[in-house]
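The following block contains the structure, expressed as structure tokens.
Owing to the predicted nature of the structure, the values given are computational and were not obtained by experimental measurement.
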Amino acid sequence: GFVAEARCLHNQGFSFLTFHFFLSQRMSWHQKNSNEERQQQEAEVTGANPAYHCHSYSQAYENRQREQHQARRKLCVASVICTFFMIAEITGKYMCGQIAGSLAVLSDAAHILVDLMSFLISLFSLCLTSKPPTKQFTFGWHRAEILGALMSMIIVWMVTGVLIYLACMRLLHPDYDIDATVMLITSACAVLTNILLSLILHQTGHGHSHGAQPALSNASLQAAFVHAIGDLFQSISVLISALIIFFKPQYKIADPICTFVFSVFVLATTITILRDILTMLMEGTSKGFAYDAVKARILTVEKVESVHDLHLWSLTMNQTALSAHIATADSTDSQKILRDVTQALFEQYSFHSITIQIESGEDQKPDCVFCQEPRD
């Protein structure tokens with residue numbers, strides 16, 4: 001060590017002051033190294049056992065903020081496009097005379113207006129969901145997104161119903177004239193516009209995901225996308241009938257027939273999102289949160305004997321809450337078990353919130369109504 005080096009210096013004739021300086025420098029160097037090693041060990045211990053907080057593992061808030069920002073941006077762009085196309089169609093009445101003033105153009109402009117109303121409803125619902133929780137609405141305003149999506153679907157059904165009614169009237173009273181050229185131009189523009197809207201509103205699914213947790217999905221954006229797809233189908237039906245009538249004017253009955261056929265497609269596109277909306281309004285579990293899989297994940301945690309009174313419910317399409325009672329073999333270490341269960345769940349799922357109640361296995365009652373396993 002440094003003592004042997006000091007003796008060597010002394011034997012070689014170095015003075016006492018030189019020896020003392022050398023000794024102090026070597027001791028300072030060793031003390032510095034010892035402090036660095038101790039700080040490194042403390043950092044490793046701190047990293048291995050971070051301070052526990054009940055929301056430390058949750059990524060739901062960050063995911064929700066990113067999802068809402070993306071949805072608002074897409075809906076704003078779609079609203080601008082709808083407004084521009086609607087103004088262009090109505091302005092054409094004064095620029096192109098009788099052609100632009102036809103019923104087909106004005107009807108399509110009204111249809112775009114309905115789209116714009118649906119997008120604005122979705123934007124308004126997103127603004128409500130960003131409001132903080134209150135003492136009356138302790139979960140916040142997340143369900144406003146679901147109600148907005150439901151209103152958009154109701155609008156889709158109403159518009160489709162009106163189109164079916166008009167098609168029936170044309171079948172019963174075939175004494176009408178169709179300007180195939182105007183119909184062809186209008187429907188072609190509508191198809192292009194709705195394709196653009198569908199591409200903008202489509203959710204690419206680049207959200208944050210853990211294991212079985214699905215990518216981010218916004219109900220308002222999904223409802224607007226379904227609305228755009230429905231309009232696209234209607235525009236395609238008008239375009240097909242316009243092409244038939246343009247080349248075969250005597251087959252003008254193709255107009256109401258195509259309306260009937262594609263109205264069925266439009267209604268079919270709403271079934272999936274309507275099922276999801278009703279599931280959330282009925283406090284159901286969203287996709288990606290299988291009851292049996294979540295329970296099995298909890299049971300894999302050490303010292304967990306059983307799980308009962310497990311509840312999963314969705315605030316939105318990707319905001320799921322969990323509560324459960326857990327019976328343990330060692331109630332003296334309940335805080336560690338609570339941390340382990342919470343960490344295990346957040347590592348695989350992106351829950352909005354998790355509430356766990358730790359109980360002793362001796363306190364369980366097999367005949368308790370609330371502790372029974374739910375039916376499939």
Original post:
Does a side chain donor of either E359 or H308 reach within less than 3.5 Å of an acceptor in the other side chain?
Top reply: yes
**OP:** Answer whether the closest heavy-atom distance between the side chains of H325 and V307 falls below 4.5 Å.
**Re:** no
Subject >> Separation between CD1 of I273 and OG of S152, rounded to the nearest 0.5 Å >> reply: 8.0 Å
Original post:
Between C168 and F260, is a side chain to side chain contact (heavy atoms under 4.5 Å, CB included) present by the stated rule, with each step listed?
Top reply: CA-CA 9 Å; C168 291; F260 276 124; 3.4 Å; yes
Original post:
Is the OH atom of Y251 crowded by more than 12 outside heavy atoms at less than 6.0 Å?
Top reply: no
**OP:** Using modelled atom types only, decide if a donor and an acceptor are shared between the side chain of T134 and the backbone of F137 within a distance under 3.5 Å.
**Re:** yes
**OP:** In plain terms, say whether R143 and E283 are close enough for a salt bridge, that is, a side-chain N and a carboxylate O under 4.0 Å apart.
**Re:** yes
Subject >> Min side-chain heavy-atom separation D340-E302 under 4.5 Å >> reply: no
**OP:** State the CD1-CG distance between I356 and L322, to the nearest 0.5 angstrom.
**Re:** 5.5 Å
**OP:** Taking the side chain as every heavy atom from C-beta outward, state whether L197 and C82 have any pair of such atoms under 4.5 Å apart.
**Re:** yes
Subject >> C258 to S241 - nearest heavy-atom pair and separation >> reply: SG-CB, 3.9 Å
Original post:
Closest heavy-atom contact between T160 and S263?
Top reply: CG2-CB, 3.7 Å
**OP:** Could you tell me whether the side chain of Q335 reaches within less than 4.5 Å of the side chain of L338, counting heavy atoms only?
**Re:** yes
Original post:
Nearest 0.5 Å, what's the CG-CD1 distance between L278 and I146?
Top reply: 10.5 Å
Original post:
Does the side chain to side chain contact (heavy atoms under 4.5 Å, CB included) test come out yes or no for V261 and F265, once each step is laid out?
Top reply: CA-CA 7 Å; V261 173; F265 292 157; 4.2 Å; yes
Original post:
Would you call E373 and K295 a salt bridge, taking side-chain N to carboxylate O under 4.0 Å as the test?
Top reply: yes
Original post:
Parallel under 30°, tilted from 30 to 60°, perpendicular over 60°: which one fits the rings of F233 and F262?
Top reply: tilted
Original post:
Of the non-hydrogen atoms in S220 and E145, which two are nearest, and what is the gap between them?
Top reply: OG-CG, 3.3 Å
Original post:
Looking at H227 and S118, what are the two nearest heavy atoms and their distance?
Top reply: ND1-OG, 3.2 Å
**OP:** Quick one: do R170 and K252 satisfy side chain to side chain contact (heavy atoms under 4.5 Å, CB included)? Show the steps, please.
**Re:** CA-CA 10 Å; R170 287 201 166 186; K252 64 180 183 179; over 6 Å; no
Subject >> Closest contact, heavy atoms only, D333 versus K303 >> reply: OD2-NZ, 4.0 Å
Subject >> Q250, CD atom: more than 12 neighbouring heavy atoms under 6.0 Å >> reply: yes
Original post:
Distance from S323 atom OG to H311 atom NE2, nearest 0.5 Å?
Top reply: 5.0 Å
Original post:
Taking all atoms of both residues into account, what is the closest heavy-atom pair of S235 and S187, and its distance?
Top reply: O-CB, 4.0 Å
Original post:
Same hydrophobic cluster for M158 and M169, using side-chain heavy-atom links shorter than 4.5 Å among ILVMFWY?
Top reply: no
Original post:
Between the side chain of S130 and the main-chain N/O of C127, is any donor-acceptor distance below 3.5 Å?
Top reply: yes
**OP:** Establish whether I164 and I271 are linked, either directly or via other cluster members, by ILVMFWY side-chain heavy-atom contacts under 4.5 Å.
**Re:** no
Original post:
M117 and I200: same hydrophobic cluster, using ILVMFWY side-chain contacts below 4.5 Å?
Top reply: no
Original post:
Side-chain heavy atoms under 4.5 angstrom apart, residues restricted to Ile, Leu, Val, Met, Phe, Trp, Tyr: same cluster for L315 and L150?
Top reply: no
Subject >> CG (L281) with more than 12 external heavy atoms under 6.0 Å >> reply: yes
Subject >> Pair T270, W157: side-chain N/O donor-acceptor within cut-off below 3.5 Å >> reply: yes
Subject >> Modelled atom types, side-chain donor and acceptor of R339 and T342, under 3.5 Å >> reply: no
Original post:
Do S79 and L120 touch side chain to side chain, with heavy atoms closer than 4.5 Å?
Top reply: yes
Original post:
In Å, rounded to the nearest 0.5 Å, how long is the span from CD1 of I358 to OG1 of T328?
Top reply: 6.0 Å
**OP:** Could you tell me whether the side chain of L312 reaches within less than 4.5 Å of the side chain of F351, counting heavy atoms only?
**Re:** yes
Original post:
Does the side chain of I354 reach to within under 4.5 Å of the side chain of F346, using non-hydrogen atoms?
Top reply: yes
Original post:
To the nearest 0.5 Å, what is the distance between OG (S122) and CG (L221)?
Top reply: 8.0 Å
Original post:
How about T259 and L166: do any of their side-chain heavy atoms sit closer than 4.5 Å?
Top reply: no
Subject >> From CA spacing to verdict: side chain to side chain contact (heavy atoms under 4.5 Å, CB included), I229, V226 >> reply: CA-CA 5 Å; I229 290 295; V226 170; 5.6 Å; no
**OP:** Answer yes if L192 and L243 sit in the same cluster of Ile, Leu, Val, Met, Phe, Trp and Tyr residues linked by side chain heavy atoms under 4.5 Å apart, and no otherwise.
**Re:** no
Subject >> Exercise: do T129 and Q68 side chains pair donor with acceptor under 3.5 Å >> reply: yes
